[in-house]
Engineer: 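Have a look at this one.
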Amino acid sequence: MEKVLILVIDGCAPAYLTEQTAPKLFALARQRGFVKAVRCAMPSVTNVNHACILSGRWPAETGVVGNYYYDPNTGCEGFIEERGYMRAPTILQRCQQAGGKTALFTVKGKVLGVYGAGADIGLSAQDPDPVLLWRYGLDRPPTIQSIEATDWIVRAACRCIEREDPDLVYCTTNDYIFHHFAPDSEPARAQIAAVDDCLAQLAASQPHRQIYITADHGMNQKKTILNFQAMADRAGLRTYCLPPLKDRYIENHIYQEGGMLYVFLKEPLQREAFLNFAQSCPQVEEVLTAAQAAARYHLPQDQIGDYVLLAGRDCAFGEVEGELLCTEASRSHGSEYEREIPLLALGAPRPEKAYRYHKDIAAYLQF
Ligand SMILES: [Zn+2]
């Protein structure tokens, strides 16, 4: 069976992973691989994209359209943190069914919660299994909002590979650092340097293992945050506005600000009034019906409300006090502008041009 490691660096826009920040991995890619920019799925948020990378499929098939759900029929809503949302089989499950051994390493606990089925070994830095810490000789993890958390989880994955050599290892980080620091900053460079050291060493000792480094989404500075719900309320429009990025990691994005918004209309007769209102809002770059968004982004039409709003490059929809906040301190994602991500591949089975999206990694694996 083929040996595979996939590292998903949460929020790693291509500008973070470069020849300057990861010289050892770039040198390896020149010898036996490639580096290129590929695209993630929309909305460009964590849960949606782990589902795609792990299955090789679009959200229309995975059924995962955000970090948070809302059911307009029952009014139920909540964070997506446990099993039961993912509809497509994952490569962890496929590998396990083929008789392989699998491992999932994650900084954010929810990744293990939602996608852990099929992982023989599962470790999160947020809530680590003490037995696994002992088994791999690991110290207690640092706080998950740190550069050290990335270093810790990548080293944990490498330690597991050295000792038990699982067939498939999926490892992912937290985007806390990239939410707070631009690509040329010292903390961002230090995070990538840790990955560069650790994985270059692993690649040298395991030349037969396919290694992929990619991201779930990119990251950009956001200067204007719009409380679209408050604006719609004031205009007398009865809606429920859901930012698909919304999660419990508010240290990453304090206002739950993201570049895409699902809008559920509570009053069908307000359809035209809503459309006029949303289209006249200067921060809204595009208003799509659910059918249009489903067709363009391969989303399940029945899970994304009645309208999907897209923010401009510097804007995000968020839960700010009042209706509008101008800030220099927000870096976030969720929109079309954070779709570009890097793919660094060593030992991939297909030529570079065959990989257009991160999900193509899974599509070309043999199990
Ligand atoms: Zn994030």
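Order of appearance sets the numbers: ligands from 1, and atoms from 1 within every ligand. FYI, the numbering just counts along the sequence from 1.
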Engineer: Below 3.5 Å, can you tabulate the donor-acceptor pairs from side chains in residues 318-325 to any protein atom, sequence neighbours excluded?
Structural biologist:
{"from": "Glu319", "atom 1": "OE2", "to": "Lys246", "atom 2": "NZ", "distance (Å)": "3.1"}
{"from": "Glu323", "atom 1": "OE1", "to": "Arg234", "atom 2": "NH2", "distance (Å)": "3.0"}
{"from": "Glu323", "atom 1": "OE2", "to": "Arg234", "atom 2": "NE", "distance (Å)": "2.6"}

Engineer: Looking at Glu336 and Arg39, is any side-chain nitrogen of the basic one under 4.0 Å from a carboxylate oxygen of the acidic one?
Structural biologist: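 Here Arg39 pairs with Glu336 in a salt bridge, since their nearest N and O are under 4.0 Å apart.
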
Engineer: In terms of relative ring orientation, are His333 and His217 parallel, tilted or perpendicular, with 30° and 60° separating the classes?
Structural biologist: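 Rings of His333 and His217: parallel, under 30°.
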
Engineer: What angle sits at the Zn ion (ligand 1) between NE2 of His179 and OD2 of Asp175, to 10°?
Structural biologist: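 The OD2/NE2 angle about the Zn ion (ligand 1) sits at 100°.
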
Engineer: Is it true that some N/O/S atom of His217, main chain or side chain, lies under 2.8 Å from the Zn ion (ligand 1)?
Structural biologist: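 It does not; every qualifying atom lies at 2.8 Å or beyond.
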
Engineer: Would you say the Zn ion (ligand 1) has Asp247 as a near neighbour, meaning an N/O/S atom of that residue under 2.8 Å away?
Structural biologist: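 Checking the Zn ion (ligand 1) against Asp247, no N, O or S atom falls under 2.8 Å.
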
Engineer: According to the interplanar angle, ranging from 0 to 90°, do the rings of Tyr355 and Tyr364 count as parallel (below 30°), tilted (30 to 60°) or perpendicular (above 60°)?
Structural biologist: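 Tyr355 and Tyr364: perpendicular rings.
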
